[in-house]
Q: 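One structure coming up, written as structure tokens, with questions to follow.
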Amino acid sequence: MIPLKHALVVGGTGMLAGVSLWLAEKRYHVSVIARNENRMNTLISRASSPFSITPLFIDYSDENRLRKEMQRTIKQNGPPQLIIAWIHSTGRNALGIIAEEASKAGGKNGKLYHVISSSTNLEEAVKSVEIPVGCLYRQIQLGFVIENGDSRWLTHEEIASGVIEAICHDKLLHIVGTVEPWDRRP
């Protein structure tokens, strides 16, 4: 079975591994940006079709290499229709580079799901990225869980499920868990 669409997942071997695998099951070809080869190998071994995943071993703070690897995966797999990105502050320009390269390659009306932390200001997050024309920007904010009077951070499974829900329902903003009351965070 040949995948019909291309998705790019940044951080897709850790907390977003479940999202990478789900996309592969949904007949996407999934390019995964990661730094850890062991975790990538584990992800690929868990995929129903290992050929549905293209590993991109990049430190996304290396902007020149990120740009080149984006161009390479787009040439190989076409422009991504979906981008799911969990990017730490060390990759200040990474999201903009990824969106720009996808847009330049003809990825019009592609959806960019920006996964952000519970403490991130939603308005500042969108201002920090130049979103190309034709790119549909979405936010997924990760919170925490309050249960039995205690609070805890989300599990990788809860995060993946929340991201999948946001994709399935095409939510402009989706909060996984809760971010309020802030003083109850773990």
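Note that the numbering runs from 1 along the sequence shown for the chain.
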Q: Considering all heavy atoms of both residues, which atom of A47 and which atom of I53 are nearest to each other, and what is their separation?
A: CB-CD1, 3.7 Å

Q: Would you compute the distance between atom CG of L21 and atom NZ of K26 and round it to the nearest 0.5 angstrom?
A: 13.5 Å

Q: When you measure from the side chain of T73 to the backbone N and O of M70, does any donor-acceptor pair fall under 3.5 Å?
A: no

Q: Does a side-chain N-to-carboxylate-O contact under 4.0 Å join K68 and E101?
A: no

Q: Do Y28 and H6 pass the side-chain hydrogen bond (donor to acceptor under 3.5 Å, both in side chains) test, and can you show the C-alpha distance, the side-chain angles, and the key distance before you say yes or no?
A: CA-CA 5 Å; Y28 278 87; H6 183 203; over 6 Å; no

Q: Is any side-chain heavy atom of L56 less than 4.5 Å from a side-chain heavy atom of V32?
A: no

Q: Step by step, would you call R185 with E180 a salt bridge (charged side-chain N to carboxylate O under 4.0 Å, His left out)?
A: CA-CA 8 Å; R185 73 189 183 284; E180 296 177 347; over 6 Å; no

Q: A side-chain contact here means heavy atoms from C-beta on lying under 4.5 Å apart; do I33 and V9 qualify?
A: no

Q: Does any non-hydrogen side-chain atom of E158 lie less than 4.5 Å from one of V145?
A: yes

Q: In sequence, state the C-alpha distance, the side-chain angles, and the governing distance for S117 and T120, and then conclude on side-chain hydrogen bond (donor to acceptor under 3.5 Å, both in side chains).
A: CA-CA 5 Å; S117 71; T120 302; 2.8 Å; yes

Q: Is any side-chain heavy atom of T13 less than 4.5 Å from a side-chain heavy atom of R35?
A: no

Q: So, S20 side chain and G12 main chain: donor-acceptor pair closer than 3.5 Å or not?
A: yes

Q: Are M15 and I164 connected in the hydrophobic side-chain network, where two residues link if heavy atoms are under 4.5 Å apart?
A: yes

Q: Looking at every heavy atom in both I44 and P50, which two are closest together, and how far apart are they?
A: CG2-CB, 3.7 Å

Q: Applying side-chain contact (heavy atoms from CB on, under 4.5 Å) to W22 and S161, what does each step give before you reach the verdict?
A: CA-CA 10 Å; W22 176 79; S161 292; over 6 Å; no

Q: Could you check if a side-chain atom of E100 sits within less than 4.5 angstrom of a side-chain atom of K104, using non-hydrogen atoms only?
A: yes

Q: For E165, is the CD atom crowded, meaning more than 12 foreign heavy atoms sit under 6.0 Å from it?
A: yes

Q: Is it true that a side-chain atom of T42 and a backbone atom of N38 form a donor plus acceptor pair closer than 3.5 Å?
A: yes

Q: Walk me through whether M40 and L43 qualify under side-chain contact (heavy atoms from CB on, under 4.5 Å).
A: CA-CA 5 Å; M40 182 68 77; L43 176 75; 4.3 Å; yes

Q: Establish whether L173 and L136 are linked, either directly or via other cluster members, by ILVMFWY side-chain heavy-atom contacts under 4.5 Å.
A: no

Q: Which heavy-atom pair separates I74 from P80 by the least distance, and what is that distance?
A: CG1-CD, 3.9 Å

Q: Evaluate whether atom CZ of R72 has more than 12 neighbouring non-hydrogen atoms of other residues, nucleotides or ligands under 6.0 angstrom away.
A: yes

Q: Determine, stepwise, if the pair V179 / Q141 fulfils side-chain contact (heavy atoms from CB on, under 4.5 Å).
A: CA-CA 9 Å; V179 292; Q141 188 170 36; 4.0 Å; yes

Q: Would the distance check show the side chain of S52 and the main-chain N or O of S49 forming a donor-acceptor pair, the cut-off being under 3.5 Å?
A: yes

Q: Measuring from S151:OG to I146:CD1, what's the distance to the nearest 0.5 Å?
A: 6.0 Å

Q: Taking C-beta and beyond as the side chain, do Y113 and H174 meet within less than 4.5 Å on heavy atoms?
A: no

Q: Given V115 and L142, is the side-chain contact (heavy atoms from CB on, under 4.5 Å) satisfied, shown in steps?
A: CA-CA 7 Å; V115 181; L142 305 179; 3.7 Å; yes

Q: Quick check: does any side chain N or O of Q81 sit under 3.5 Å from a backbone N or O of P79, one acting as donor and the other as acceptor?
A: yes

Q: What's the separation between atom OG in S31 and atom CD1 in I83, rounded to the nearest 0.5 Å?
A: 10.0 Å

Q: Y60 side chain to I98 main-chain N or O, any donor-acceptor pair under 3.5 Å?
A: no

Q: Checking R65 side chain against D62 main chain: does a donor-acceptor pair fall under 3.5 Å?
A: no

Q: Are I84 and L16 side-chain neighbours, meaning at least one heavy-atom pair lies under 4.5 Å?
A: yes

Q: If we ignore hydrogens and angles and just use 3.5 Å, is the side chain of T178 paired with the main-chain N or O of F144 as donor and acceptor?
A: no

Q: Hey, is the main chain of D150 close enough, under 3.5 Å, to the side chain of N148 for a donor-acceptor pair?
A: no

Q: Between H114 and L95, is any pair of side-chain heavy atoms under 4.5 Å apart?
A: yes

